[in-house]
Structures are given as structure tokens and as C-alpha cells.
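Following: one structure in C-alpha cells, then a few remarks.
Sequence lines set the chain letters: A, B, ... in the order given, protein chains first and strands last, and positions in each chain run from 1.
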Protein chains: 2
Amino acid sequence: MPTSTVEQYIKIIYTQQEHLEKGVVPMKRLSEAMGVTPGTATTMVKHLSDVQLVTYHPRQGVLLTAKGEDLALRMLRRHRLIEAFLEQVLGYDWSEVHADAERLEHAVSDKFIDKLDRYLGYPEVDPHGDPIPSSSGSIESAVTVPLNTCTPGRRVRIVRLLDDDPDFLVCMKDYMIFPGEDFILQESSAVAGTVTVEHLRTRGSATVGYGLAGRILVAEP
Amino acid sequence: MPTSTVEQYIKIIYTQQEHLEKGVVPMKRLSEAMGVTPGTATTMVKHLSDVQLVTYHPRQGVLLTAKGEDLALRMLRRHRLIEAFLEQVLGYDWSEVHADAERLEHAVSDKFIDKLDRYLGYPEVDPHGDPIPSSSGSIESAVTVPLNTCTPGRRVRIVRLLDDDPDFLVCMKDYMIFPGEDFILQESSAVAGTVTVEHLRTRGSATVGYGLAGRILVAEP
DNA sequence: TGTTAGTTTTTGAGTAGTCAAATTAGATCC
DNA sequence: GGATCTAATTTGACTACTCAAAAACTAACA
């Protein structure tokens with residue numbers, strides 16, 4: 001059975017991998033995401049490679065194996081179901097669910113997770129709109145595009161936010177930017193570095209940084 | 001902040017202490033309850049003493065300090081609230097709540113526990129009838145006596161079972177011996193080593209070993 | 001081509017916990 | 001008072017992580 005440290009590394013490698021959209025995850029990135037020194041990450045990655053969870057390309061980076069991806073999806077399932085539970089049942093604010101879920105996900109049994117899944121009514125997404133993998137390890141996410149790639153004038157629906165930072169989430173909530181809300185994209189300028197949207201119902205408008213808008217995924221209906 | 005290993009030692013020392021009803025907990029007992037070798041327990045106890053959680057009497061045993069007792073009650077609160085949650089909300093059988101709670105209790109935050117407490121409606125006891133300490137650390141248990149000290153013929157109400165062994169609990173459940181149920185004590189013999197009770201409602205009778213009956217706490221109304 | 005900047009790896013050391021096995025201290029019993 | 005039994009302690013070693021700092025590699029640019 002993997003230790004919780006191993007579980008954490010694998011989960012991070014998975015998210016960095018899909019985040020980067022390119023092959024391998026370099027050590028610097030991994031060590032920063034894990035909050036450890038690069039040397040520590042190298043040591044750990046060698047070990048992960050020994051137990052076949054990743055393939056390690058020295059001086060380039062790591063890539064999950066099928067076995068590693070399996071574990072990553074199991075962890076993501078745990079994490080997101082726990083986040084949903086914390087928000088829907090215990091009344092956490094969506095900005096604070098991440099930290100507690102991060103600790104709980106390594107302590108729960110499969111039985112716990114399956115019972116929790118049933119209790120919650122088999123939700124498909126967590127409070128941030130992240131899709132929840134099934135118990136068999138399949139995951140399907142809606143077709144979305146980053147907000148900063150949409151053309152102004154279009155109507156968009158917020159589907160997912162790729163960020164766990166509480167401050168950012170609180171801020172987005174103030175702007176009504178959370179999954180399910182509809183907006184009109186008013187302006188999007190890489191040069192000015194801003195994206196402005198107007199909330200469909202309330203007519204309130206919000207401006208966010210261009211980079212951050214890339215982490216807001218929307219659907220164009 | 002104490003590590004989860006430290007938390008576990010402190011909780012075990014607390015329960016052994018009240019279990020034994022006498023002063024100090026000897027190393028053998030502690031090491032067995034923790035599932036480690038005696039040498040390991042000695043090493044750990046010295047450390048616990050360094051951080052003022054216990055007072056260590058070499059070659060005799062350990063005793064919790066006020067600070068240690070505080071931590072023990074916090075852990076007991078966590079453990080028992082989680083047990084209640086697993087049974088009442090997620091539908092665990094009472095025989096299986098212990099193991100999962102044991103792992104979760106070290107991973108939850110104070111915020112989590114307080115919100116869980118509210119969600120459960122501030123329960124006073126867990127599924128085994130063990131009293132749940134308040135968030136301020138006070139604990140009050142009902143007046144009870146071990147079943148094997150009652151006089152035959154008397155009516156008794158099961159209040160609490162001092163055992164976490166799943167096999168034992170499943171067995172007790174089959175006999176209807178769980179908190180809230182009423183019985184007539186038919187026979188109790190230290191010599192024969194058995195205690196026989198009759199369930200008040202169903203008239204079914206059950207016989208358990210004299211030693212085990214000492215771990216069944218009842219109220220004599 | 002040679003220098004430099006940035007990344008990655010190696011090395012040596014530390015922390016928290018564990019075990020096995022040798023040793024020591026207490027108690028008990030003739 | 002010794003012999004003996006048991007519980008407790010010490011010792012040395014191992015695992016799983018971690019860091020700091022030195023060394024090595026890569027890429028890129030003058």
C-alpha cells in the first residue's frame with residue numbers, strides 16, 4: 001500500500017501533467033507544487049519509478065504509468081468527493097474545502113468513499129466544477145474552453161475553476177464567478193492583461209487578470 | 001502540534017488508565033495496546049515526558065499530565081463523533097466503525113469536528129454508548145455498573161460496551177445486547193464463568209462469559 | 001567555442017518512528 | 001542470601017521522509 005506521501009506526489013504529478021498539456025513534468029515544477037526542495041523530489045521520483053508508478057527520464061521529468069494514473073484517479077475521486085461532502089453536508093465555504101480534503105483523502109478507506117458517494121447521490125463534479133472519477137477510475141469532463149480564449153460578445157457559462165487558492169476563490173465568489181453562472185464576455189485583451197465579463201442575471205460586471213481567466217473554464221452554449 | 005503517533009499513544013494511555021482504575025500504566029500493557037515492542041514504548045514515553053504530556057516513572061509506568069489528558073479527551077471526542085457519523089450518516093454497522101474512525105481522527109481539523117458535531121445534533125454518546133467529550137474537554141458518563149456485578153433477578157438497561165473488537169460486537173448485536181436495550185439478569189456465576197440475561201421485549205436469553213460481562217456496563221433503573 | 005544561467009542530481013546529515021537482541025533491575029521464592 | 005523469572009531499558013540498525021549545499025549537466029547566447 002502506498003504511503004500518503006507517495007499518494008500526494010502521484011496526485012500532484014497527475015494534475016501537473018494535465019495542467020501542462022505536454023509530456024513530462026520537470027523536477028522544478030514538481031518540487032514547487034509539492035513544497036519540497038528539488039533534491040527531495042528527485043529522490044522520491046526515483047523511488048516512484050522503482051515501484052512502477054512513474055517513468056523517470058533523468059534531467060527531463062516524470063510521466064505517470066498506467067498504474068500511477070490509476071492511483072492518481074483514485075486520489076482525485078477521494079479528494080473531490082470529500083470536497084463535495086464538506087461543502088454540501090457540513091456547510092464549508094467552497095474556498096476552504098481544499099485544505100481539509102487534502103488531509104482527509106489519505107486517511108479514508110475505500111468503503112468510506114463508496115458509502116459517501118452513495119450518500120451524496122453520486123455527484124459528478126465537486127464544488128469547483130472538477131469532475132469526480134467513478135469508482136472504476138473513469139473520468140469525463142465537459143467540453144470547456146479557458147475564458148481568456150473566448151471571443152467578446154459571446155455568452156458563456158462557468159463550468160470549472162482550476163485553482164485551490166482560498167483568496168482567489170473568495171474573490172471569484174464575490175464576482176459571482178462559480179460553476180453554473182452565466183455571463184456575457186465583454187472584453188478580452190491579452191495586451192491590457194484583463195478580461196471583463198457581465199453577469200447575466202444581475203448585470204454586475206467583473207474584471208479579472210488575463211492569466212487568471214485562463215484558469216476559469218467555460219462552456220459556450 | 002503532536003504527530004498522529006503521539007496522539008495515538010496518549011489516547012491509549014488514557015483508556016488504559018481508566019480501564020485499570022489504578023495509577024500508572026506499565027510499559028508491557030502500553031506496548032501491547034499499541035502493538036509495538038516494549039523498547040519502542042519506552043523510547044516513546046521518554047519523548048512524551050519531554051514534551052510534558054505524561055509523567056514517567058521508570059520501571060513502573062506512565063501517567064498523563066493535565067496537558068496529556070486534554071489531548072486525550074480531544075482525541076476521544078474526535079474518535080467518538082466520527083464513529084457516530086459513520087454509523088448514523090454513512091450507514092456503517094456498529095462493529096465496523098472503530099477501525100475507520102481510528103484513522104480519520106488524526107486527519108480531521110477542529111473546524112471539521114465542530115461542524116460535524118452540529119450536523120449530528122450534538123450527540124452525547126457514540127454507537128457503543130461511550131460518552132463524547134465536549135469541545136471544552138468535559139466528559140460526563142452515566143452512572144453504570146459492570147453487568148457481572150449485578151444481582152440476579154434485577155432489571156438492567158445496557159448503557160455501554162467497553163470493547164472495539166468487531167467479532168465481539170457482531171455477536172452482542174445478535175444477542176440484542178447494545179445500548180438502550182432492557183434485560184432481566186437471570187444468573188451470574190463467577191464460578192461457572194457465565195452470565196445469563198433475558199431480553200425484556202423478545203424474551204430471548206443470552207449467555208456470555210463472566211469476563212466479557214465485565215465490559216458490558218448497565219444501569220439499574 | 002566558451003561562458004553563463006538555470007536546472008537537476010548527488011551527498012551527507014537530520015527527524016520520527018520502528019524492531020531485535022542484549023542487558024539491567026525488581027520481585028519472588030526457596 | 002542467592003537463584004530465578006519477568007518486566008523494563010539500552011543499544012545498534014533500519015525505513016521513509018526531509019533539507020542544505022556542492023557538483024554536474026543542458027541550453028542558450030555572445
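- Partners of A/E105 by salt bridge (charged side-chain N to carboxylate O under 4.0 Å, His left out), not counting sequence neighbours, listed by chain and number: A/K11.
- For the pair A/Y9 (side chain) and A/V45 (backbone), a donor-acceptor distance under 3.5 Å is absent.
- Residues satisfying the ring pair (Phe, Tyr, Trp, His ring centres under 6.0 Å) criterion with A/F85, sequence neighbours excluded, are B/F85.
- Residue pairs meeting the salt bridge (Lys or Arg N to Asp or Glu O under 4.0 Å) criterion with at least one partner in residues 125-140 of chain A, sequence neighbours excluded, are A/D130-A/R160.
- Nucleotide C/dT8 holds its P atom 11 Å from the CZ atom of A/R29, rounded to whole Å.
- Shown here are the side chain to side chain donor-acceptor pair (under 3.5 Å) partners of B/T40, two or more places apart in sequence or in another chain: B/T37.
- A ring pair (Phe, Tyr, Trp, His ring centres under 6.0 Å) check over residues 109-141 of chain B, counting only residues at least two apart or in different chains, returns the pairs B/W94-B/H128.
- A heavy atom lying under 4.0 Å from DNA chain C marks the following residues of residues 48-63 of chain B, by number: B/R59.
- Screening residues 56-68 of chain B for salt bridge (Lys or Arg N to Asp or Glu O under 4.0 Å) gives no qualifying pairs among residues at least two apart or on separate chains.
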Give every pair of a protein N or O atom and an N or O atom of nucleotides 16-19 of chain D that lie under 3.5 Å apart, one pair per line with the distance.
| from | atom 1 | to | atom 2 | distance (Å) |
| --- | --- | --- | --- | --- |
| D/dC17 | OP1 | A/T3 | OG1 | 2.7 |
| D/dC17 | OP1 | A/T5 | OG1 | 3.2 |
| D/dT18 | OP2 | A/Y9 | OH | 3.1 |
| D/dC19 | OP2 | A/T37 | N | 3.1 |
| D/dC19 | OP2 | A/T37 | OG1 | 3.3 |
| D/dC19 | OP2 | A/T40 | OG1 | 2.6 |

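- Rounded to a whole Å, the CD atom of B/Q8 is 10 Å from the P atom of C/dT18.
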Enumerate the protein-to-nucleotides 13-15 of chain C contacts in which both atoms are nitrogen or oxygen and the separation is below 3.5 Å.
none

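- Separating the CD atom of A/E32 from the C1' atom of C/dG6 is a distance of 12 Å, rounded to the nearest angstrom.
- Residues forming a ring pair (Phe, Tyr, Trp, His ring centres under 6.0 Å) with A/H98 (at least two apart in sequence, or on another chain): A/H79.
- Listed by first then second residue, pairs satisfying side chain to side chain donor-acceptor pair (under 3.5 Å) with a partner in residues 47-57 of chain B number zero, not counting sequence neighbours.
- Partners of A/Y14 under the side chain to side chain donor-acceptor pair (under 3.5 Å) rule, at least two apart in sequence or in another chain, do not exist in this structure.
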